[in-house]
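Notes follow once the structure below has been shown.
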Amino acid sequence: MNYDHNKIEKKWQKRWMDSGVFEAKDDSDKPREYLLIEFPYPSGAGLHIGHPRSYTALDVIARKKRMEGKNVLYPIGWDAFGLPTENFAIKHGRKPQEVTKENTDTFRRQLQSLGFSFDWSREINTTDPEYYKWTQWIFMQMFKHGLAYKDKVAINWCINCKIGLANEEVVGGACERCGGEVEKRSKEQWMLRITQYADRLIDDLKSLDYIEPVKTQQKNWIGRSEGASIKFSLPDVVEEEYGPEHAQNFLEVFTTRPDTVFGATYMVIAPEHDMIEKYADQIENIKEIRDYIRQAGKKSDFERADAGKEKTGVELKGMQALNPLTDERISIWVADYVMAGYGTGAIMAVPAHDERDFEFATKFGIKIVDVVEPQEKVEGCFAGEGTAVNSDFLNGLSTVEAKKKITDWLESYGIGSAKVQYKLRDWVFSRQRYWGEPIPMVHCENCKTKSKYGDGWLPLPESELPLTLPEVDKYEPTDTGESPLSKIEDWVNTECPECGGPAKRETDVMPNWAGSSWYFMRYAAPKSDEMFGVNNWKRTEIQPDELDHRLFDLFEHMQSLLGEHDVSIWASGSLMINGINKELWRHMHDLDLFVLGSDFDKALKILRDDGFVVHEEDRGWNRIEKDGCQVELVPAYHLSGDVYTHLRDKSLPPEIRQQTLHKQDMELSDRGFLWGTSFKTLSPKSMLEHYEFLHETFPDTREGKEDDEKIKFLQDYLKSPLNYWAPVTWYNGGMEHTTLHLLYSRFWNKFLFDIGAAPTNEPYEKRTSHGLILAEDGHKMSKSKGNVVNPDEIVEKFGADALRIYEMFMGPFEEPVPWNMNGLVGAKRFLDKIVGLSGVFVDAEPDDVTRELHKTIKKVTEDIENMRFNTAVAQMMIFVNKCKESGAVTKESFEKFLRILCPFAPHLANELADQLGYDGMLEAGEWPKYDAELVVDEVVNIAVQINGKLRGEVQAAPDASQDEVERLARADTNAAKYLEGDIKKVIYVPGRLINFVV
RNA sequence: GGGCGAGUGGUGAAAUUGGUAUACACGCCAGUCUUAGGAACUGGUGCCGAAAGGCGUAAGGGUUCGAGUCCCUUCUCGCCCACCA
């Protein structure tokens, strides 16, 4: 029966909006559930038919979870800064602000027409100054913590877009956005030190419920490899000519196979390597080398990376290196198969055990020495693991053993050390564009030497945020690479926040990954002026005194000393609370360090050797002094699961001074990073308990009094919406964001956690991914191909419910599926059939209809949780077919069915329930439960097999005994024919089959 | 070249994870109806065969009473990365 979808869909959308049923409460006795989809970029093209796939999926989950009694947050917003809008605006001579408003209006209307249960009261927009105020605030914190820095780097420059691109935005040597040519340019850029978080970004994946492909892609992207760095000396360099600063002339390389160093018969440096110009006088064929470098520079990364092409290179004449193990002189080559950006930009080449080196050595006739023997003989190059040969004291060792031994050896002679290397690079954060967040930094020549930050760059005072984007008439980028903002003089020229003198603003803006790196937090408190603080807590800027500075330096010095030796240190509780209250400096006086138990003696030795005075105190405590600063060092027996904290008051008995924090308190804790320093951060909840404990036990001590304030802060903090909602419980999005947005936002979240602004170490507990919707021709939908499906037309003709049902039914959620208009017709037909059922009800329905209903409830309930929406819809179709077939269903059964239909087709389900006289909205009702006894059939078909081949079928109860089924099977005339010989064995699977082996 | 994923009717796909292969839907064929609609309804629809039966999950081999599912070899397609030492 056909129904007027347009009329009923509008009606219910209005009711949902007016009643506010989908508005989440910041405080509730119900369990919380935070469901998140990637907020869209409101492009001028309008909503893509692929958007609703992800949105419907989580909408189904959100609606079901609400009916199951959860307090659900399912928010929506706009990731609205970015190039396409800016380019469109330039082309049409309009303001990006206006274009963005139009686009978001269209998107909002389109999304609302699909009936998603978003909490529209929390709608956010990254281009809203009240929003980007906090994006700027976060950047500023990063700067203050040394994670944002300016650096002159070779960047990817898109000639067409006139913009610097992150490595990730260069696809196959071309610009990801416009497909245009990309060249290398050197420019001062703001960089974010994401590499500092590389280890944690990998290690913390373990505890997360992300689908495997996401985890492996992130791991591979970060690309951690463990190996060693080795210094090869350069015997030909004449020391006097290069002065004392060059007394240590060597070429350093990184290798994952230090065990093969005996087979290193030559070395290769990247064309960009600085030793070429440094030793230009020494190199006899410098002209030839420079020619080669020039040619290599002309090639794009893409051409250079073309693995199929033949290797090229030139030998440096007049310079050789010394293999420290064989004492042989080996040649040095420049070749573009070695890249400047990875490791040291130089390698030791072991042609016997590396395919690239093998190819190169074969071409240029360089000696090849086998130093690893494989298990089985192989031809040519062998890159695997085996047994060391021709390697002096390594001979006979396995690859793993040899790596360890040679690394120790290198370390003991000071010519190498174990090293971890990453593929991940720091994040180029500047864009020479207009439509982005202004970077809230000021450059003051006068403060260059005086400021604590050193290079003249100063953050704006927080009170000046947001630094709003000035409205201008012309905002086209320039050929020179200057940002459009640089032309607005009265904006660029400003006062220095430190000395009041003339200063200039930063004119680059942030990339559009910035706003999306923390938006999930903004949803928790979309209008808050105290986003990362609460109530009356004032985040006062405390000026560090001279002692603070010295402590700070000392602390950094210790860190660099210990870090070099791979000794882990954590700062103590006093620093943890500082992470939250920002009153960092005050507590620097009380700084303690925890040192990993097993490394404690080593740490002491290193510090003693460096001139620290170590006073042994009681119970393994050590006070360390240098230059008038004191730091306490405490062994933390982390490996045994406990970490100790302590009180300073020596008059107290030791067992009270030293309180053990149990492992369970540490659950939410994690290693953090502060000024390049590892420390252990407790969760705010553990901290609160800790301070409450101290406060109650020692109310009169100095710390006990201060704890009042801390406790109040933590109590407020724990009540804050951000703390309530974080982390996101389920985040669904595209695989294409795995190594960009998803990684960036994990990085920002970790940083904010470390400084106490975010309550959790990880932003998302669970991550799933949807497949693309392709065009009917199986290709990607694109305007240029003219194969784009318009969602407005679909909603108009078939209705939002039909579109939702179809998108859930079309195939497995995580797989790409081609769009098919006929499939949509089928979905509409299914809905019409339901309307047809709704007419007449019976007082008593057949048993099999009831059983089918309970099976359906069970299957739909389970399938939604596992995102198997296609089979959930199929099962609902089976139920509807069953009802039609038997022509009888009770009102009660049908109503239950409407409740499980509701997440998929909410408009129709509500309309029909309303017609039945259902009181209120289905969304406010309960999710139906199934009766476990009714989900199994009374009688099932049991297959009769002879030697595994199907020969008959009998009916029996699912739990029938083997004897009974065997008897029935023998009575089956068809099967009996095959049962004449000896029966060797009978296999019976209850409710499934019986198999006779004859 | 590396990593991940996938190959099942004419099509999108199911298959309780080792237990009756092709559920559900589309399409197609035949029929009914007329309010010609992107209609509805009924029946049929893996292949060969008149039937009995046989053959069928990319190809080949293996384990098993039994394999779409597990193991080995090969091929094809998709996505991501790509000279990462």
Side-chain angles (χ1 to χ4, degrees), chain A residues 1-2 171-172 212-217 219-221 223 225 227 253-257 260 268 301-302 304-309 311 335-339 341-350 353-357 359-360 383 421-424 735-736 738-739 771-772 774 778 797-798 805-806 809-812 814-830 832-833 836 859 862 868 870-878 880-881 884 940-953 974 984-998:
Chain A
M1 201 186 292
N2 217 324
V171 177
E212 275 311 313
V214 169
K215 288 191 183 186
T216 45
Q217 267 190 41
K219 267 184 227 156
N220 294 343
W221 184 261
S225 42
V253 300
F254 171 74
T255 176
T256 54
R257 292 295 300 270
T260 63
V268 187
D301 270 0
F302 187 61
R304 269 180 71 169
D306 188 0
K309 103 184 152 72
K311 301 231 174 330
D336 63 6
Y337 81 92
V338 168
M339 287 174 306
Y342 184 74
T344 61
I347 61 159
M348 63 173 207
V350 186
H353 306 293
D354 182 282
E355 279 174 34
R356 296 152 301 183
D357 298 345
E359 193 193 318
F360 191 83
Q421 186 67 48
Y422 305 92
K423 285 188 212 170
L424 185 73
M735 280 305 289
E736 70 273 20
T738 303
T739 53
L772 282 178
L774 306 170
K797 282 189 185 161
F798 299 92
I805 289 274
Y806 173 57
F809 181 63
M810 65 199 304
E814 66 282 4
E815 302 284 330
V817 209
W819 179 264
N820 182 343
M821 210 47 102
N822 282 324
L824 196 61
V825 176
K828 183 64 168 45
R829 222 174 261 167
F830 167 59
D832 287 340
K833 252 190 228 181
K859 181 136 183 70
E862 292 168 358
R868 293 153 57 112
N870 53 336
T871 51
V873 174
Q875 181 61 41
M876 290 192 284
M877 288 171 167
I878 291 172
V880 170
N881 291 346
K884 279 206 73 157
V940 292
N941 290 336
I942 291 174
V944 180
Q945 292 184 341
I946 316 294
N947 291 339
K949 283 202 179 294
L950 183 67
R951 295 298 178 189
E953 206 170 62
N974 195 24
K984 289 188 189 141
K985 200 171 164 190
V986 181
I987 292 126
Y988 174 58
V989 183
R992 300 250 131 234
L993 59 76
I994 184 158
N995 188 13
F996 297 92
V997 184
V998 299

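Naming convention: chains lettered A, B, ... in sequence-line order (proteins, then strands); numbering from 1 in each chain.
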How close or far is atom [atom2] of [N] from atom [atom1] of [X], stated in whole angstroms?
| X | N | atom1 | atom2 | value |
| --- | --- | --- | --- | --- |
| A:Q217 | B:rG78 | CD | P | 17 Å |
| A:N220 | B:rG2 | CG | P | 14 Å |
| A:Y988 | B:rG66 | OH | C1' | 17 Å |
| A:D336 | B:rC83 | CG | C1' | 9 Å |
| A:N947 | B:rA67 | CG | C1' | 16 Å |
| A:L824 | B:rG27 | CG | P | 12 Å |
| A:E814 | B:rC4 | CD | P | 18 Å |
| A:F830 | B:rA39 | CZ | P | 19 Å |

Under 3.5 Å, which donor-acceptor pairs link side chains of residues 820-828 of chain A to any protein atom two or more places apart or in another chain?
| unit_1 | atom_1 | unit_2 | atom_2 | d |
| --- | --- | --- | --- | --- |
| A:N820 | OD1 | A:N822 | N | 2.8 |
| A:K828 | NZ | A:N2 | OD1 | 3.1 |
| A:K828 | NZ | A:D832 | OD1 | 3.3 |

Quote, to the nearest angstrom, the [atom1] distance that separates [N] from [M].
| N | M | atom1 | value |
| --- | --- | --- | --- |
| B:rG10 | B:rC65 | C1' | 36 Å |
| B:rC83 | B:rU17 | C1' | 41 Å |
| B:rG37 | B:rG46 | P | 33 Å |
| B:rG68 | B:rA23 | C1' | 15 Å |
| B:rG7 | B:rG60 | C1' | 16 Å |
| B:rU69 | B:rU22 | C1' | 15 Å |
| B:rG78 | B:rA58 | C1' | 15 Å |
| B:rU11 | B:rC47 | P | 12 Å |

Is any side-chain nitrogen or oxygen of [X] closer than 4.0 Å to OP1 or OP2 of [N]?
| X | N | answer |
| --- | --- | --- |
| A:S225 | B:rA85 | yes |
| A:R868 | B:rA13 | no |
| A:Y342 | B:rA85 | yes |

Item to check | Per-nucleotide protein contact string for nucleotides 18-26 of chain B (B base, S sugar-phosphate only, - none; heavy atom under 4.0 Å) | outcome: -BB--BBSS

Checklist entry - Does a side chain donor of either A:N881 or A:K833 reach within less than 3.5 Å of an acceptor in the other side chain? => result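 A donor-acceptor contact under 3.5 Å links the two side chains.
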
Item to check | Base-pair map of RNA chain B as dot-bracket, where | denotes pairing with a different strand and pairs are Watson-Crick or G-U under 3.5 Å | outcome: (((((((..(((......[....)))((((((.......))))))(((....)))..(((((..]....))))))))))))....

Indicate, with a heavy-atom threshold strictly under 4.0 Å, whether [X] touches base, sugar-phosphate, or nothing.
| X | result |
| --- | --- |
| A:M821 | base |
| A:K215 | nothing |
| A:K828 | nothing |
| A:T255 | sugar-phosphate |

Checklist entry - Going from CZ on A:F996 to CD1 on A:I987, what distance comes out if it is rounded to the nearest 0.5 angstrom? => result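 So the CZ of A:F996 and the CD1 of A:I987 are separated by 10.5 Å.
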
Next on the checklist: Which is more 5' along RNA chain B, the nucleotide nearest A:M735 or the one nearest A:K949? Just name the residue.
Outcome noted: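 Counting from the 5' end, the first nearest nucleotide belongs to A:K949.
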
Next on the checklist: Nearest heavy atom decides the nucleotide; on that basis, is A:P213 or A:F996 closer to the 5' end of RNA chain B?
Outcome noted: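 By nearest-heavy-atom nucleotide position, the 5'-most residue is A:P213.
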
Next on the checklist: Which residues pass the salt bridge (charged side-chain N to carboxylate O under 4.0 Å, His left out) test with A:K859, not counting sequence neighbours?
Outcome noted: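 Testing A:K859 for salt bridge (charged side-chain N to carboxylate O under 4.0 Å, His left out), a comparison that skips the adjacent residues, returns A:D863.
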
Next on the checklist: Going by salt bridge (charged side-chain N to carboxylate O under 4.0 Å, His left out), name the residues that satisfy it together with A:R951, two or more places apart in sequence or in a different chain.
Outcome noted: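 A:R951: no salt bridge (charged side-chain N to carboxylate O under 4.0 Å, His left out) contacts found.
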
For [X] and [Y], which heavy atoms make the closest approach, and how far apart are they?
| X | Y | answer |
| --- | --- | --- |
| A:P213 | A:M735 | CB-CE, 3.8 Å |
| A:L950 | A:A943 | CD1-CB, 3.7 Å |
| A:N870 | A:P812 | ND2-N, 3.6 Å |

Next on the checklist: Just to verify, what does A:D357 make a side chain to side chain donor-acceptor pair (under 3.5 Å) with, not counting sequence neighbours?
Outcome noted: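 Once residues adjacent in sequence are excluded, the partners of A:D357 under the side chain to side chain donor-acceptor pair (under 3.5 Å) criterion are A:Y337.
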
Checklist entry - Does any N or O in the side chain of A:R257 come within less than 3.5 Å of the main-chain N or O of A:G227, such that one atom is a donor and the other an acceptor? => result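 Looks like no, no N/O pair under 3.5 Å.
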
Next on the checklist: With a 3.5 Å distance limit and no angle check, can you tell me whether A:N995 reaches the backbone of A:G948 through a side-chain donor-acceptor pair?
Outcome noted: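 Here the side-chain-to-backbone pair exists.
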
Next on the checklist: Taking atom CD as the centre, does A:E862 end up with more than 12 heavy-atom neighbours from other residues, nucleotides or ligands that are less than 6.0 angstrom away?
Outcome noted: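 More than 12 heavy atoms, drawn from other residues, nucleotides or ligands, come within 6.0 Å of this atom.
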
Next on the checklist: Apply the syn/anti split at 90° from 0 to B:rG5 and say which one it is.
Outcome noted: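 Anti for B:rG5; the angle lies over 90° from 0.
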
Next on the checklist: Does B:rU32 count as syn, meaning its glycosidic angle lies within 90° of 0, or as anti?
Outcome noted: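 Anti.
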
Next on the checklist: Please pick, from B:rA14, B:rC83, B:rG12, the nucleotide with the shortest atom-to-atom distance to any side-chain atom of A:P812.
Outcome noted: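 Of all the options, the side chain of A:P812 is nearest to B:rA14.
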
Checklist entry - Counting only distance, no hydrogens or angles, is the base of B:rC83 paired donor-acceptor with the side chain of A:K311 under 3.5 Å? => result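 Answer yes: a donor N or O sits under 3.5 Å from an acceptor.
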
